[in-house]
Amino acid sequence: MDKYIINGGNKLYGSVGIQSAKNSVLPILAAAVLTDGKVKILNVPNISDVRNMVKILTCLGCRAVYEHNDLIIDSSNADCFEIPSVLAHELRSSVFLLGSVISRFRSAKIAYPGGCDIGLRPVDLHLTGLKRLGVEITEKNGYILCKSDRLRGNEIVLDCPSVGATENIMLAAVKAEGTTVITNAAREPEIEDLQNFLNSIGAKVSGAGSGTVKIKGVDKLGGCEYQPLPDRIEAGTFLIAAAMCGGEVLAEGVKPENISSLIHKLNENGCKIHIDNDKILLENHKRLASVKSIETQPYPGFPTDLQAQYTALCGICGGHSIITENLFETRFKYVPELRKMGADMTVIGRNAFVRGVERYKGATVMAHDLRGGAALVLAGLAADGRSEVLDISHIDRGYGSFEQKLAGLGADIVRVTV
Ligand code: EPZ
């Protein structure tokens, strides 16, 4: 179990390159199972969720070869429709494979997916959508068993704009007979990224980002070379780090429009932000003012995946804030850890009530999930004194070269294997 040792108080200066988006690469890897064509995904992040997804594809009979940071997937010899339960429990995105595996093999078997422990994370919308496409689904002994002689396009209305359900249905519909229309679909940029990838291999998908996605079934798919979107959550995490520690940080290779909700809040806090094409420069040299209320919402609202990092920032602003987490039931597990660092925060239900303190003080804290763990690192960087962040395997799921990138900006952070 690795840990970070951090000596806080350094301001951050310099530029940081942003990885390809984890939440684009994962569904794109699932989509690669659909085609016999060779797929090359560029600048794939070196994170454990991607490594685990590649292991799953290999278990299905796909060939996966790294070429530097690029990943080549050849599914022409894929011959297995059962996703190994040990790996399925490792990551939420294993469930996306249902759609592509059922499309390819007419059968699929998967244990209930794992992922960050941030809530109940049901898959009912995934399964309801697949049933609408003609999939027979049996749930037995912790497994989901799918069978379908023929996938047929259909109209599907999602009860909530679920990212994963939207992606799973898109994947199952790509080679179905006829047209599928998903209404109340998720609007996240990663949905449009998946659409663009699918169209690059010959699919006919349109409307992603609008809330209504249309998929016209095709018979044949080919190969492609594809550069996924930059990771808006990684970019946001580094901007919040700069806001908390003070200094001047340039995030490069980003799409500023994909984190406009965060940029708006950081401006309100009093940060100086300059945007130039695919670069965002954040400058701050003072204690920031609090923003009264923040509510996480589906895109384009404030992203739940930046909620923990932003709450850590609120904890050292001048004033009070209320953070409301509307998407997941238990996404405040990092708050008791921040309290060990002197935070004045109370969680009641889906709300965190924060009174800003002057500074955090270094402490030993435990990461419980990916984004909560990142929030603890940011608090340690801004704190007075030494901190240890334990069980950073959670952070390794979504941030490649995290400590190297932070140290490159002047942070005093090292990884220790215990
Ligand atoms: C994706 O998870 C992301 N993961 C999450 O990022 C992100 O937090 C989430 O979307 C919301 O943006 C990946 O893309 C791999 P949802 P997903 O289905 O698909 C409810 C990170 O930190 N729901 O949009 O699991 C669910 O309970 C991770 O990078 C159902 O009720 O999220 C939640 O309240 C964490 N039934 C809401 O929808 C379902 O069948 C949003 O979940 C599915 C979801």
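Indexing begins at 1, ligand by ligand and atom by atom, following the structure's order. Atoms considered below: every heavy atom in the structure, side chains included; atoms not considered: hydrogens, waters and symmetry mates.
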Do [X] and [Y] get their side chains close enough for a donor-acceptor pair, meaning under 3.5 Å?
X	Y	answer
D231	Y399	no
T296	N326	no
N154	T180	no
T183	E155	no

_Is it the case that ligand 1 has an N or O less than 3.5 angstrom from some N or O of N23?_
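N/O-N/O distance under 3.5 Å: yes.
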*Output yes when the distance from some N or O of ligand 1 to some N or O of E329 is under 3.5 Å, and no in every other case.*
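No, there is no polar N/O contact under 3.5 Å.
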Using a 4.0 Å cutoff against the non-hydrogen atoms of [X], which atoms of ligand 1 qualify?
X	result
R331	8 (O), 22 (O), 35 (C)
G164	18 (O), 19 (O)
L370	22 (O)
R371	21 (C), 22 (O), 29 (O)

_Euclidean distance, S15 OG relative to I280 CD1, rounded to 0.5 Å_ =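 I280 CD1 to S15 OG: 13.5 Å, rounded to 0.5 Å.
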_Pairwise distance SG(C317) to OH(Y310) - rounded to 0.5 angstrom_ =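 Result: 6.5 Å between the selected atoms.
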Given [options], which has its nearest heavy atom closest to [atom]?
atom	options	answer
atom 38 (O) of ligand 1	C160, A30, G301	C160
atom 40 (O) of ligand 1	V95, L125, N168	L125
atom 27 (O) of ligand 1	P122, A308, S24, A21	P122

*For ligand 1, does E167 get within less than 4.0 Å through its side chain, its backbone, both, or neither, judged by non-hydrogen atoms?*
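Contact part for E167 vs ligand 1: neither.
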*Counting heavy atoms only, which part of T304 comes closer than 4.0 Å to ligand 1: side chain, backbone, both or neither?*
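Within the 4.0 Å criterion, T304 contacts ligand 1 through side-chain atoms alone.
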*Salt-bridged, R104 to D36, with N to O below 4.0 Å?*
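Looking at R104 and D36, the cut-off is met.
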*Listed once per pair and sorted, the salt bridge (Lys or Arg N to Asp or Glu O under 4.0 Å) pairs that draw on residues 164-183, sequence neighbours left out*: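 Non-adjacent pairs meeting salt bridge (Lys or Arg N to Asp or Glu O under 4.0 Å): R150-E177.
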